Amino acid sequence: MLPAALLAASLSFAAPDADIAFSTAKELVVKYTPRNAGTFRGRFAAGFILRELSSRGVNARIDRFSAPTPNGEKHFHNVIAEWETVPDGEWVAILSHFDTKTGIECPGTNDGASTSGLLVALAAMLERTKPSGLNIMLAWLDGEECMHSYSAADGFWGSRHAAAKLKASGRKVKAVICLDMLGDKDLGISIPANSTPGLVSAALRAAAKAGAGDKVRKIPEYVKDDHLPFLQLGFPAIDLIDFEYGSAPGLNDYWHTKDDTIEHISADSLLVAGGIVVEMLKELQQ
Ligand SMILES: [Zn+2]
């Protein structure tokens, strides 16, 4: 099959791509913190991501919607970029949230910005290589963070909206891959138990091929993240998350604190994460 061969040959994520990921994450943090869900600063952050994509030749759009929150009806802004090379073919969706958490002082550097920068770099790479044989959607999601505690009207606004739209589109979906907190300098990626088994196997194979088999492990816990609304609508979905983010093992004291800062993430970690995603795309093509 020529398209698969082309895809396998063209996709790669190298150090210059990781530098784009890191610098984009840094700018998002420096210029757009806070960027809480349902606020005008969240809208500015979505606009920044759109401009970054546009400057790299990526045709993206903002999907604006409103939804009830504990603080009243709010507007949200998902950013969407798509490469449809196979009409009526299967889709892979890759997700990152970009919002910061309401009510606390947290710049959301690893938690939000890191994987949003990574997605911008992946978008630039996809635009450059124009891979054929697989339809790909990248989504920068607003409103992952809940305002009080997760419920049907608190948190996951962007992912619930995107999942519902994907369902309504009738598209065939092969995988939904949620990336979260993957810029951690001390990278250790967990795959929570509430991930689709076939995708877990694909992710583990991809990590080994990317030379990062020691950085990825399955965990027995369930994790609430943006992949959940997709799972709930019957899509195969996986969460890749580094949930050990702190000054010492087990502390997690950089998570949702003022210490979620740029010095705690690295381009090297984003290079590893990007390499795993690229190998996953190749796995999914087979
Ligand atoms: Zn968070």
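What you see below is based on every heavy atom in this structure, not just the backbone, and it leaves out hydrogens, waters and symmetry mates. All figures in this text were calculated on a predicted structure; none of them were measured in a lab. Atoms within a ligand are numbered from 1 in the order they appear, just like the ligands themselves.
Considering OG1 of Thr85 and CD1 of Ile136, their distance stands at 7.0 Å, rounded to 0.5 Å.
At the Zn ion (ligand 1), the angle from NE2 in His256 to OE2 in Glu145 is 100° when rounded to 10°.
Residues Phe230 and Leu166 form a side-chain contact, since some pair of their non-hydrogen atoms from C-beta on lies under 4.5 Å apart.
Nearest N, O or S atom of Asp111 to the Zn ion (ligand 1): atom OD2.
The aromatic rings of His264 and Tyr254 sit parallel to each other, their planes meeting at less than 30°, with 60° as the upper class boundary.
Checked against a 6.0 Å centroid threshold, the rings of Phe44 and Phe40 count as neighbours. Taking the six-membered ring wherever Trp is involved, the centroid distance between the rings of Trp140 and Phe98 does not fall below 6.0 Å.
Not a single N, O or S atom of Glu144, from either the backbone or the side chain, sits less than 2.8 Å from the Zn ion (ligand 1). Among the backbone and side-chain atoms of Cys106, no N/O/S atom is found under 2.8 Å from the Zn ion (ligand 1). The Zn ion (ligand 1) does not have Asp180 among its coordinating residues (no N/O/S atom, backbone or side chain, under 2.8 Å).
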